[in-house]
Amino acid sequence: MRLSLRTVARNWQLKLAALALAILLWVVVSAEQVTTQWIPVPVRVAAGDPDRVVTGGPVPGQVEVRFAGPGRELWELALERPVLVLPVDGVRADTQVFELEPRMVRIPNGLSVTPLDVRPGSVRVLTQRLVTRDVPVRVRLARRSRDRFVVLDTPRVSPATVRVTGPADRVARLDAVVTEPLEIGAADSTFRLAVPLDGDSLGGVRASARSVEVSARVDRVVERIFPDIPVTRLVGALVAPERVDVRVQGPSRLVRALDAASLRVTVGVDSLPAVLPAGGAPAPLRVGGVPAGLAARAVPAVVRISPAAAPALPAPDSAAAQPLEDGR
């Protein structure tokens, strides 16, 4: 045994080199040897019908193709990822099955391989008929602009409608195309701006325009405080506090024109109990006399309503206490 190991170890560098050369020769020979191999290939749909659009599929999205060629080129092909291009034309239904053929495989240039077979041999593709119709354009203000400005009239949009083209179901669901959020930079003036359409609002359909021109009159939103406004008195009750501030918010021209004498602050008596307790009850305030387009609120927003005097003890046959009435 000792002699055998010594014999094996003798000239081991030469023997290792011979082994490596033999492996290299085997690799070279096998790389040039013609063989076959199944390789996964993605399926790409090429729509050829101008009146239809692909909305789903193909299913499956990847198939296996058996290729024949030198082993070296089959390795390269697996790395290059060939594609099977399925032409879709002459569609007769929304859901249709198409047969796959080896000739549909696109092989990268410079490779001498041949597609022989495809499995599975068919895929399912969903299509829809293309339709066209006109839909209105709706202007959308950016949040900052909504907080700082108010549009005094209906914005003028040119063009007021755009023509959209797409799958029938998507076009049917589209009631309007909105603009991207519009930022207003002027106050109490007229603006005219080119505003892009919001691509997300199209829902996958094509529009005949990418932007529209929007013009309108705007006014800055302001707030004005009207101090010491009296709360309308209630019969048989005390209101605390008797006077409050009123905050009014809206277009500056309307706020400036508002007269404090027109404001009326009343108690929401419908929120009070039928009989006031001795300690009183809270009630919300309501502000009236405010023109349309303005928002108003009382500060504080809630007052306490108390009986004007301690109620007398009722006689045994007296009627129940009557609810309070607004003494306006």
Side-chain angles (χ1 to χ4, degrees), residues 138-155 178 181-188 216-328:
R138 187 170 66 242
V139 179
R140 180 175 55 170
L141 291 181
R143 173 178 293 184
R144 183 181 178 186
S145 295
R146 292 199 306 268
D147 294 340
R148 298 174 57 197
F149 300 96
V150 61
V151 179
L152 299 179
D153 47 22
T154 302
V178 301
L182 172 61
E183 290 282 359
I184 300 175
D188 196 10
R217 293 186 305 122
V218 297
D219 196 1
R220 185 177 294 276
V221 173
V222 298
E223 184 178 74
R224 181 181 174 188
I225 300 176
F226 294 85
D228 207 30
I229 304 298
V231 179
T232 302
R233 302 175 65 87
L234 296 178
V235 176
L238 299 177
V239 180
E242 295 182 342
R243 291 178 174 272
V244 296
D245 293 344
V246 174
R247 292 179 178 266
V248 179
Q249 188 179 62
S252 61
R253 65 184 64 191
L254 296 180
V255 173
R256 290 196 304 265
L258 185 62
D259 187 357
S262 65
L263 297 176
R264 299 189 309 275
V265 180
T266 60
V267 177
V269 295
D270 53 346
S271 65
L272 293 171
V275 178
L276 283 174
L285 293 179
R286 297 167 181 167
V287 179
V290 180
L294 296 179
R297 60 187 177 92
V299 181
V302 177
V303 294
R304 179 162 291 276
I305 310 299
S306 305
L313 292 175
D317 57 349
S318 65
Q322 299 298 316
L324 292 171
E325 297 180 353
D326 193 331
R328 288 179 294 173

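Residue numbers start at 1 and run along the sequence shown. Since we're looking at a predicted model, the values are computed, not measured.
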Peer 1: What heavy-atom pair brings Ala296 and Val290 nearest, and what distance separates the two atoms?
Peer 2: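 Looking at all heavy atoms of both residues, the closest pair is CB-CG2, 3.7 Å.
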Peer 1: Could you check whether any side-chain N or O of Arg146 sits under 3.5 Å from a backbone N or O of Leu141, counting only pairs where one atom can act as donor and the other as acceptor?
Peer 2: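 It does hold such a pair.
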Peer 1: Quick one: do Arg148 and Asp219 make a salt bridge, cutoff under 4.0 Å?
Peer 2: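 Salt bridge between Arg148 and Asp219, a charged N being under 4.0 Å from a carboxylate O: no.
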Peer 1: Can you tell if the side chain of Asp147 reaches within under 4.5 Å of the side chain of Val221, non-hydrogen atoms only?
Peer 2: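 No, side chains not in contact.
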Peer 1: What distance do Arg297 atom CZ and Gln249 atom CD have between them, rounded to the nearest 0.5 Å?
Peer 2: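 CD of Gln249 is found 8.0 Å from CZ of Arg297.
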Peer 1: Spell out, as yes or no, whether a donor-acceptor pair under 3.5 Å connects the side chain of Arg256 to the backbone of Pro251.
Peer 2: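 Such a contact is absent between Arg256 side chain and Pro251 backbone.
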Peer 1: Considering non-hydrogen atoms only, spot the tightest contact between Ala237 and Leu276 and give its length.
Peer 2: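 In this case the closest contact between Ala237 and Leu276 is CB-CD1, 4.2 Å.
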Peer 1: What's the separation between atom OG in Ser262 and atom CZ in Phe226, rounded to the nearest 0.5 Å?
Peer 2: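 These two atoms lie 7.5 Å from each other.
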Peer 1: So does Asp245 get a backbone contact from the side chain of Asp228, meaning a donor-acceptor N/O pair under 3.5 Å?
Peer 2: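 No; zero donor-acceptor contacts below 3.5 Å.
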Peer 1: Just so I know, are the side chains of Ile225 and Val299 near enough to count as touching, which here means a heavy-atom distance under 4.5 Å?
Peer 2: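 A side-chain contact under 4.5 Å is absent here.
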Peer 1: Crowded around Arg243 CZ? As in, over 12 foreign heavy atoms under 6.0 Å?
Peer 2: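 More than 12 heavy atoms, drawn from other residues, nucleotides or ligands, come within 6.0 Å of this atom.
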Peer 1: When you measure from the side chain of Ser145 to the backbone of Ile184, do you find a donor-acceptor pair of N or O atoms at a distance under 3.5 Å?
Peer 2: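 Present.
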Peer 1: Can you give me the closest heavy-atom contact between Leu272 and Pro282, atom names plus distance?
Peer 2: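 Nearest pair, atom of Leu272 first, then Pro282: CD2-O, 3.8 Å.
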Peer 1: How long is the gap from CZ on Phe149 to CZ on Arg217, to the nearest 0.5 Å?
Peer 2: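 It comes to 15.0 Å.
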Peer 1: Pick out which of Thr232, Leu234, Val302 makes a side chain to side chain contact (heavy atoms under 4.5 Å, CB included) with Val267.
Peer 2: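 Checked Thr232, Leu234, Val302 against Val267; only one passes side chain to side chain contact (heavy atoms under 4.5 Å, CB included): Leu234.
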Peer 1: Can you check whether Val265 reaches Val246 side chain to side chain, under 4.5 Å on heavy atoms?
Peer 2: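 Side chain of Val265 against side chain of Val246, heavy atoms only: contact under 4.5 Å found.
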Peer 1: Can you name the nearest heavy-atom pair linking Val231 to Pro241, along with the distance?
Peer 2: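 Distance-wise, the nearest heavy atoms are CG2-O, 4.0 Å.
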Peer 1: Under 4.0 Å between a side-chain nitrogen and a carboxylate oxygen: does that hold for Glu223 and Arg247?
Peer 2: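 Salt bridge between Glu223 and Arg247, a charged N being under 4.0 Å from a carboxylate O: yes.
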Peer 1: How far apart are the C-alpha atoms of Arg253 and Leu152, what are their side-chain angles, what is the distance that settles it, and do they pass the side chain to side chain contact (heavy atoms under 4.5 Å, CB included) test?
Peer 2: CA-CA 11 Å; Arg253 65 184 64 191; Leu152 299 179; 3.6 Å; yes
Peer 1: With a cut-off of 6.0 Å (strictly less than), are more than 12 heavy atoms of other residues, nucleotides or ligands near CD of Glu242?
Peer 2: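 Incorrect, the count does not exceed 12.
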Peer 1: Heavy atoms only: give me the nearest Pro307-Ala278 pair and the separation to one decimal.
Peer 2: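 Pro307 and Ala278 have their closest heavy atoms at CD-O, 3.9 Å.
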Peer 1: Would you call Val239 and Ile305 a side-chain contact if the rule is heavy atoms closer than 4.5 Å?
Peer 2: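 Val239 vs Ile305: side chains touch.
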Peer 1: What's the shortest heavy-atom distance between Val139 and Pro155, and which atoms?
Peer 2: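 Result for this residue pair: CG2-CB, 4.3 Å.
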